[in-house]
Amino acid sequence: MTVRIVEGPFDPAAELAGFARGREDVGGIASFTGIVRGEHGGESILAMTLEHYPGMTERQLARIEAEARARWPLLDVLVIHRVGRMLPGEPIVLVATASAHRAAALEACSFLIDWLKTRAPFWKLEETPSGARWVEARASDDAAAARWER
Amino acid sequence: MTVRIVEGPFDPAAELAGFARGREDVGGIASFTGIVRGEHGGESILAMTLEHYPGMTERQLARIEAEARARWPLLDVLVIHRVGRMLPGEPIVLVATASAHRAAALEACSFLIDWLKTRAPFWKLEETPSGARWVEARASDDAAAARWER
Amino acid sequence: MNGTVEDMRVRYFAWLRQRVGLAEEELEPPTEVRTVGALKAWLGERHPRFAEACAAPGVVRAAVDQEFAEDDRPLAGVREVAFFPPVTGG
Amino acid sequence: MNGTVEDMRVRYFAWLRQRVGLAEEELEPPTEVRTVGALKAWLGERHPRFAEACAAPGVVRAAVDQEFAEDDRPLAGVREVAFFPPVTGG
């Protein structure tokens, strides 16, 4: 079970290659990689800066990961979130889950990214040709996270 | 959009590394990797052989993939399924989806593996210490696939 | 298009292939064998263990020209029919 | 535990940090500032643009000792309070 905040580029494929390697109890691995898009709301994105709240971020991610493990029989979990300035095409976040069965891996992966998006203290600043702007929270993210309330 | 049947081992991480690379319109990539487990129903699995129906397999996978693209705004899809004999810990199947937004990528990935499991002509033969046995279809797989009926 | 079938290939997969003892055979069913269901019954006369498998409901699935098919599927013009147990891939 | 707060660190993130013009400050709020809501009002007197942001409902979120907190959260014994807009990570 690993949660990591990284300040430079990371390689999701390389991280996944090492994830759950050599285990014979894993039947399925699900993953989600979030990537900086080159466009948002019709405007070009030149770069994206992720600000976060050091300390609280790690605490919240650890809590979200523990909640996922309490809800699904997970054999392993990996969460990597990049902070700082990054360019279009670069990965922002990787969530991976391993379980004996696919439903647990897939559902937990969706849960982790939904809760991370609404409960971990990160803020996105987009650089566009007309200046920098803070990304606004989306109601659809709240709705996605609310699916998992109980 | 790629659908591949492979007869030897494949490397999901390497496949994912190349998937959707260099695109700036992809906001999220979801993936599922199915792996041969070393145990099933309390018995050790020594090896697993995947039989399929050449021709029909490719046709069904192409159809399932087209259905996913019709339902979600996908920018790319990758399906790789191994056939023949393989060992515990080795990947059987990889499904990956790329979209501008995460919900489409995650849902389409679940859909693809659910329909593949119930609509593509593959059959698993497990080798155990007490002999070989054909894996029985699971009602839970039918239920998972039925979620996507409409 | 009178239901006549010529040079039909019948294929068997997984444990059905093992039970029948054949992966495939080229057959010329009589003209009265006009549907998948009729073909099943006719093949059952040649292969007792195939008939046994067909007796259990929902166990033997069929594909006609590589598309899933039910028992009422007509066989006119069909070149390939396959029988197999429920799929278990992924 | 009478609500007295000493040497509290207040932190601001994202556009709230830019509006206030500070990432953090060490403060000693008066004893009558006993909750997150009261702290917001008191900080608003020092930072007019913080008061402006707080006037819009649901825009300024808070964390107390690195846990999300609502306006009624007591501040007794608290060492760090943070204010920020809704999160947008992932």
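Residue numbering restarts at 1 for every chain, and letters A, B, ... go by the order of the sequence lines.
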K.L.:
Measure D11(A) against the heavy atoms of chain B and call it side chain, backbone, both or neither at under 4.5 Å.
P.N.:
neither
K.L.:
Please flag which part of R23(B) lies under 4.5 Å from any non-hydrogen atom of chain A: side chain, backbone, both or neither.
P.N.:
backbone
K.L.:
With only heavy atoms counted, which part of I29(A) is less than 4.5 Å from chain B, the side chain, the backbone, both or neither?
P.N.:
both
K.L.:
Dump the intermediate steps for side-chain contact (heavy atoms from CB on, under 4.5 Å) on E24(B) and I35(A), then the final yes or no.
P.N.:
CA-CA 8 Å; E24(B) 296 197 348; I35(A) 297 165; over 6 Å; no
K.L.:
What option among E107(B), E90(B), R21(B), K117(B) has the most heavy-atom pairs under 4.5 Å with chain A?
P.N.:
K117(B)
K.L.:
If you count heavy-atom pairs under 4.5 Å between each of S31(B), S110(B), S140(B), G38(B) and chain A, which one has the most?
P.N.:
S31(B)
K.L.:
Side chains of L106(B) and I113(A): does their closest heavy-atom pair fall under 4.5 Å?
P.N.:
yes
K.L.:
Closest heavy-atom contact between D25(A) and R37(B)?
P.N.:
O-CD, 3.5 Å
K.L.:
Contact part of H40(A) toward chain B, heavy-atom cut-off under 4.5 Å: side chain, backbone, both or neither?
P.N.:
neither
K.L.:
Relative to chain A, which segment of A17(B) carries a heavy atom at a distance below 4.5 Å: side chain, backbone, both, or neither?
P.N.:
both
K.L.:
Report which part of A100(B) has an atom under 4.5 Å of a heavy atom belonging to chain A: side chain, backbone, both, or neither.
P.N.:
both
K.L.:
For atom CD of E136(A), decide whether the heavy atoms of other residues, nucleotides or ligands shown that lie under 6.0 angstrom number more than 12.
P.N.:
no
K.L.:
For the CZ atom on R71(A), are there more than 12 heavy atoms of other groups (residues, nucleotides or ligands in this structure) within a distance under 6.0 Å?
P.N.:
yes
K.L.:
Looking at A30(B), P12(B), G27(B), which makes the most heavy-atom pairs under 4.5 Å with chain A?
P.N.:
G27(B)
K.L.:
With rounding to the nearest 0.5 Å, note down the distance linking NE2 in H101(A) to CG in D141(B).
P.N.:
10.0 Å
